[in-house]
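Letters go in sequence order (proteins before strands), and every chain restarts at 1.
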Amino acid sequence: MVRKIFATGLVLLMSAAMVFAAGRAEGPADDDTLRIGLLVKSLGNSFFEAARDGAMEAAAELGDVEVIYQGPSTPTAEGQIEIIDSLIAQGVHGIAISSNDENALVPAAQRAQRAGIEVISFDSAVAADGRSIHLAPSDDELIGRSQVQAIAEMIDYEGQIAILSASSTATNQNAWIEWMRTALEDPEYANMELVDVVYGDDLSDQSYREAVGLFNSYPNLRGIISPTTVGVAATARAIQDEGLVGQVELTGLGLPSEMSQYVQDGVSQNVALWNPIDLGYAAIYITYHLLRGNVEAEAGAVIPAGRIGDIRVGEGLVAVLGEPFVFDASNIAEFADIY
Amino acid sequence: MSVSQRLVKTFVRWEAVLVVLLVGVFILNTSLSPFFLRRVNLLNATYNFMERAIMALPMMLIIIVGEIDISVAGTIALSSTMMGLAMQAGASIPVMVMVALGTGLLAGMLNAVIVLRFRVPSIAVTIGTMSLYRGIAYVILGNQAITGYPRELAAVGQGVVGNTMFPVPLAIFIVLAVVFGVVLHRSRLGRCFYAIGNNATAARFSGLPVDRYKAALFSLNGLVAGFAAVLLTSRILSTRPNIATAWELEVVTLVVLGGVAITGGKGSIYGVLLSVFTIGYLRFGLSLINVPSQVIGIITGLLLVGAIILPGLFEKLSNRMIIDRQLIPEIDSEATATDA
């Protein structure tokens, strides 16, 4: 008997809610401030907290933007879907996503698009049918060329250099190395010679041995490019251990937290990597201009992004933020706290 | 019992507390966000918690007979992986569904065999198989995802009933809840489950096939986890080894918050239903006002702790009030009676 009352009560409550709800108007309130959700892989990750800071900076500059920073507590697609649904339900105007699974988010992202929400991805892409623009941190050519430029400046455009890569089968590494070879054909690098490419398989000890092997094989070696976070840290340690600081220069793609001490000690003058602050900053600018109708999401579009300058939208609606961000002795300690 | 006695007992029943909680959640959320009380939002929000709600139904029975199964989320990962492999091998949707259900059933049966044959506590066994099942998914998939599921599969996990706005998973949950409710509260089998949970030894000496029932429940739990894997895979059309991470604890939370005693022998389908919608809409409402997900986790965690402590307190309170009114001379067996 008692249970019947509860069951009936529950049913009545739910149906009352539904009937009451039916009378309400749909659609977000007509206000001037754009509400943009910044949906990250998971909360409690300092990389994304830095992206949030960049997004807040952009919102402050634009004035009429409110940023909603959200992410699941575990980095799963279903956690992000739950948040996308709540962002749809509260009628946000735009969502910028760094996705945990490029395909799994597509149905939810399409629901958002059907509700009139502008969906873009940044950092980690959503598949093309679930977003308009994807903002990539960099691209193969920019990475390859900027790494060669960095080492050239360190060795005055003269001498032998080598590359210490991750694994010989890594697609991204090979693409970057190809662009480094292409860049080295430019006349300004005529006095530089790429003597070897070795592979440390992204293992710290193996990368270390490969670096020492390079010192032994090429006594006149002037510089090493290591476009992998594990490799560049191991090489820095090898240079320090062998007492070659100043003789063999080093650059690469490195985590500020791992490279901070080496850069401040002069083992490497600078390393580069994606800048999460700029990613969050640019993501908000792109979403904002799409929402305001200032630009169309199409290849060739140019989107102004505040202090970063213009961002060009390329094939597949992929926009590239730019060259990897350079960390040197002046700023690496600050970024070391972030990631 | 007199009418007033019944009223007192009713008032302090856990289900009554849950009704108050659910109403409270609705009032709170409606006042905090203008978007909460919209039919489309209330219905769409259920997509996100129906897999866990469905898994709570067999979990309720497992806990009532005094066991537990922590491996269900791992089973989902494994079932979804096998479903994906079947898809890649060119299987049709019905075959993929059968593979997922079969994988879940096998996983549940393995739990049953280890728990009952080797007499190991189910909490220890299923903590092990939790890592085992998800581990196999990780070995098969590594850091990769299986994608490319046929669009038609989405009709289950993302679909609506006919031309209405009513979500298919919610409809499935309601049908299953009625079935489980009837079995638990209206059948001889249900009474057997309570008897086993209250005293397995006594039940065994009364001639109940305790192990056979428990084995059936573990297998059923695996089967339903396999079904939840179908729903989840259909909803996100992708398989990763980390899908449904930490769901086992959320499912147990639903059951225990629903007033099912973690020690077994006690609980009702009504409590579980109320707790499913209370937690589901609490999470939805909090995310509507953009409360960070960790804080939502803390709040549901506190609710769970409360759910374990409070029913005991309420029972004492209930008895004391009855004694105070001198309606009965002392605590009788009614106070600890099962809901059979």
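A 4.5 Å side-chain heavy-atom check between D85(A) and N44(B) finds every atom pair outside the cut-off. Counting heavy atoms from C-beta outward, E51(B) and E78(A) have side chains that stay 4.5 Å or more apart.
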Inset, instruction - Let me see the working for I81(A) and N48(B) under side-chain contact (heavy atoms from CB on, under 4.5 Å), right down to the final yes or no. - result: CA-CA 8 Å; I81(A) 289 169; N48(B) 287 307; 3.8 Å; yes

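Both the backbone and the side chain of R235(B) come within contact range of chain A, judged by heavy atoms closer than 4.5 Å. Heavy-atom distances place the side chain of I68(A), and not its backbone, under 4.5 Å from chain B. Heavy-atom distances place the side chain of L232(B), and not its backbone, under 4.5 Å from chain A. Of the two parts of Q70(A), only the side chain, counted from C-beta on, holds a non-hydrogen atom closer than 4.5 Å to a non-hydrogen atom of chain B. Contacts between I88(A) and chain B at a heavy-atom distance below 4.5 Å are absent for every atom of the residue.
A distance of 11.0 Å separates CZ of F35(B) from CG of L87(A), quoted to the nearest 0.5 Å.
The candidate from A244(B), A154(B), G271(B) with the greatest count of non-hydrogen atom pairs under 4.5 Å with chain A is A244(B). When each of A108(A), S73(A), A104(A) is checked for heavy-atom pairs under 4.5 Å with chain B, A104(A) comes out on top. If you tally non-hydrogen atom pairs under 4.5 Å between each of T233(B), N242(B), I289(B), L237(B) and chain A, the highest count goes to N242(B). Contact tally against chain B (heavy-atom pairs below 4.5 Å) for N100(A), T74(A), I83(A), L105(A): the top residue is N100(A).
Smallest separation of non-hydrogen atoms from A89(A) and F284(B): CB-CZ, 3.7 Å. Across all their heavy atoms, S86(A) and L288(B) have their closest contact at O-CD2, 3.4 Å.
Side-chain contact check for S238(B) and D101(A): at least one donor-acceptor pair (N or O, by modelled atom type) lies under 3.5 Å. Using modelled atom types, one finds a donor on one side chain and an acceptor on the other under 3.5 Å when comparing Q90(A) with N290(B).
A salt bridge links E82(A) with R52(B); the closest basic N to acidic carboxylate O contact falls under 4.0 Å.
Among residues two or more places apart in sequence or in another chain, the ring pair (Phe, Tyr, Trp, His ring centres under 6.0 Å) test is passed with F49(B) by Y281(B).
Identified under the salt bridge (charged side-chain N to carboxylate O under 4.0 Å, His left out) test for residues 115-124 of chain A, with sequence neighbours left out: none.
Between the side chain of S293(B) and the backbone N or O of G71(A) there is at least one donor-acceptor pair closer than 3.5 Å.
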